[in-house]
Every structure is written in structure tokens, then in C-alpha cells.
Amino acid sequence: MLLTPQYLFRDVTHITPDFLRRRGIRALVLDVDNTLTLHDDQAVPPKVRAWLAQMQKEGVLLMIASNNDRQRVEPFASALGLGYVAKAHKPLSKGLRQARSRWGISRKEMAIVGDQLFTDRLAGALYGIPALVTRPLGPETKWYIRLKRVLEKPFFGLYFARGGKEL
């Protein structure tokens, strides 16, 4: 299904270079809010910074693709030394296409990482790449995302009913 997770991780730090290598993934398109940091926060938790450094050390290509505007995304990406696509319009494929074009790689070599099924997971499905779904880092601050969380529950239920596990 387009909205049922393919993979579900406790958080980004549980995605390992070995997991990626076994699947031929060498590039990750990363969401920001509640994936790398809390909503509207510029601070990156130390364990996420360490994970980003480990991924880069292992040669994994990283780029941020966020639906937020440039004012939110540029300083965040710059502080991490990462390229970015602001206003990525997920679940549409604009941000994923731009990332792939900058890297010069095939779709089978990339995946999207994010915490929302209706944006990140659906974007991956529509673009034909794996989606590595993470649990949100913290509580939702926006009403419309809280509503989406309620609407996501049946899809997580299907994932677990089919034997899916949190990695």
C-alpha cells in the first residue's frame, strides 16, 4: 500500500549504514521537523548529529528536503553542512527529483527518511523509492499534524498486522 510503512524505525539513529548497504541505498533525502529535530527548532540533538557524522563517514550522501520555507530550512541545513530543497511539496516528487539530479544517481540508490506517512512515505511511494519512516522525535505542535497522526493510525496497524516490526 502507498501509505503503509515499508520500514519503521524508532528514530533516525536506528538506521544503520549496514541496513542501507544491504539494500543498495547510498543516498538519503531527510525530512527536518520531528525527524532530525523538534518542530520549529534549529537545535539538533547530539545523537542525531553523531548519526549524521557516521553516515557521512560511511559515504552516505545526505540532503534535506522539507516542505518548510527557505527561512526555516537554509540555516538548519547550513549548520549541518548539508544541501537542501525547501518547499519540496511532499508528497509530490519535486524535492526528490532535485536531490537525485544533484547527486547524479539512480532512484534505486536512494531513499527518503521522514516521520509522516501522508508526506514522506507517500512521496517515496509515488517516486518509486524506499521510505524509511521514523517515529516522531516529540509531540506535535500543529493541529493539522495532530489530525494526520490520528489518520495514520490504521496504516501503522496494517504494518504491524502484516508482521512489521519497529527497527
Side-chain angles (χ1 to χ4, degrees), residues 4-68 70 72-117 119-138 156 159-160 163-167:
T4 304
Q6 293 168 283
Y7 306 100
L8 178 61
F9 294 87
R10 186 172 306 146
D11 61 42
V12 294
T13 67
H14 287 80
I15 300 169
T16 65
D18 184 56
F19 175 90
L20 300 175
R21 267 191 299 275
R22 287 182 307 197
R23 287 157 183 82
I25 298 168
R26 59 187 206 101
L28 296 175
V29 178
L30 305 167
D31 182 42
V32 174
D33 289 327
N34 252 347
T35 301
L36 297 179
T37 191
L38 298 175
H39 274 280
D40 300 322
D41 193 346
Q42 291 291 345
V44 179
K47 70 178 188 173
V48 174
R49 277 191 182 275
W51 176 81
L52 290 165
Q54 177 192 16
M55 289 292 133
Q56 290 176 315
K57 181 180 174 190
E58 294 284 336
V60 177
L61 303 171
L62 304 172
M63 187 175 302
I64 290 173
S66 173
N67 286 347
N68 284 302
R70 187 176 177 185
R72 163 76 173 122
V73 180
E74 184 176 38
F76 185 84
S78 179
L80 296 172
L82 298 177
Y84 69 92
V85 178
K87 293 198 175 221
H89 302 293
K90 295 177 291 183
L92 302 177
S93 59
K94 172 192 169 197
L96 300 175
R97 277 193 331 267
Q98 287 182 3
R100 187 169 79 89
S101 174
R102 290 180 196 172
W103 287 325
I105 63 172
S106 69
R107 289 182 199 201
K108 68 181 179 183
E109 296 175 287
M110 66 187 285
I112 183 171
V113 178
D115 65 301
Q116 292 189 49
L117 297 182
T119 54
D120 307 304
R121 167 61 177 117
L122 186 54
L126 294 175
Y127 196 58
I129 64 171
L132 312 181
V133 178
T134 64
R135 295 286 190 181
L137 285 179
F156 283 108
Y159 174 76
F160 289 115
K165 300 195 181 324
E166 186 174 274
L167 306 170

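Hydrogens, waters and symmetry mates are skipped; everything else that's a heavy atom, side chains included, is used.
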Which atom of [X] lies closest to which atom of [Y], heavy atoms considered:
X: L38; Y: R72; answer: O-NH2, 3.6 Å
X: V29; Y: A99; answer: CG2-CB, 3.8 Å
X: A77; Y: G83; answer: CB-O, 4.4 Å
X: A88; Y: N67; answer: C-OD1, 3.7 Å

Given side chains that start at C-beta, do those of [X] and [Y] come closer than 4.5 Å, heavy atoms only?
X: K87; Y: H89; result: yes
X: T37; Y: Q42; result: no
X: Q116; Y: V133; result: no
X: L132; Y: F19; result: yes
X: D31; Y: L36; result: no
X: L96; Y: I129; result: yes
X: R21; Y: E58; result: yes
X: L62; Y: L30; result: yes

- Query: Stepwise, does the side-chain hydrogen bond (donor to acceptor under 3.5 Å, both in side chains) test hold for T35 with D115?
  - Reply: CA-CA 6 Å; T35 301; D115 65 301; 3.0 Å; yes
Short side-chain to backbone donor-acceptor contact, [X] and [Y], under 3.5 Å:
X: D120; Y: V113; answer: no
X: N34; Y: L137; answer: yes
X: Q98; Y: S93; answer: no
X: K90; Y: R121; answer: no

- Got a sec, which residues hit salt bridge (charged side-chain N to carboxylate O under 4.0 Å, His left out) with E166, two or more places apart in sequence or on another chain?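 If we apply the salt bridge (charged side-chain N to carboxylate O under 4.0 Å, His left out) test to E166, skipping adjacent residues, the hits are R10, R135.
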Just how far is it from atom [atom1] of [X] to atom [atom2] of [Y], taken to the nearest 0.5 Å?
X: L167; Y: K165; atom1: CG; atom2: NZ; answer: 9.5 Å
X: N68; Y: D33; atom1: CG; atom2: CG; answer: 5.0 Å
X: L28; Y: I64; atom1: CG; atom2: CD1; answer: 12.0 Å
X: R26; Y: L20; atom1: CZ; atom2: CG; answer: 12.0 Å
X: W103; Y: L61; atom1: CH2; atom2: CG; answer: 6.0 Å
X: L8; Y: F156; atom1: CG; atom2: CZ; answer: 5.5 Å

- Task: Begin with the C-alpha distance, continue with both residues' side-chain angles, and end with the deciding distance and a verdict on ring pair (Phe, Tyr, Trp, His ring centres under 6.0 Å) for Y84 and F76.
- Result: CA-CA 9 Å; Y84 69 92; F76 185 84; over 10 Å; no
Donor-acceptor contacts under 3.5 Å from residues 46-57 side chains, at least two apart:
| residue | atom | partner | partner atom | Å |
| --- | --- | --- | --- | --- |
| K47 | NZ | D11 | OD2 | 2.9 |
| W51 | NE1 | V12 | O | 3.0 |
| W51 | NE1 | I15 | O | 2.7 |

- Could you tell me whether R70 atom CZ has more than 12 heavy atoms of other residues or ligands within 6.0 Å of it?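 At most 12 heavy atoms, drawn from other residues, nucleotides or ligands, come within 6.0 Å of this atom.
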- Task: Run through K108, Q6, R107 and flag the one making a side-chain contact (heavy atoms from CB on, under 4.5 Å) with P130.
- Result: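 Among the candidates, only Q6 passes.
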- Could you tell me whether R100 and E109 have a side-chain N and a carboxylate O separated by less than 4.0 Å?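 Result for this pair is no, no salt bridge flagged.
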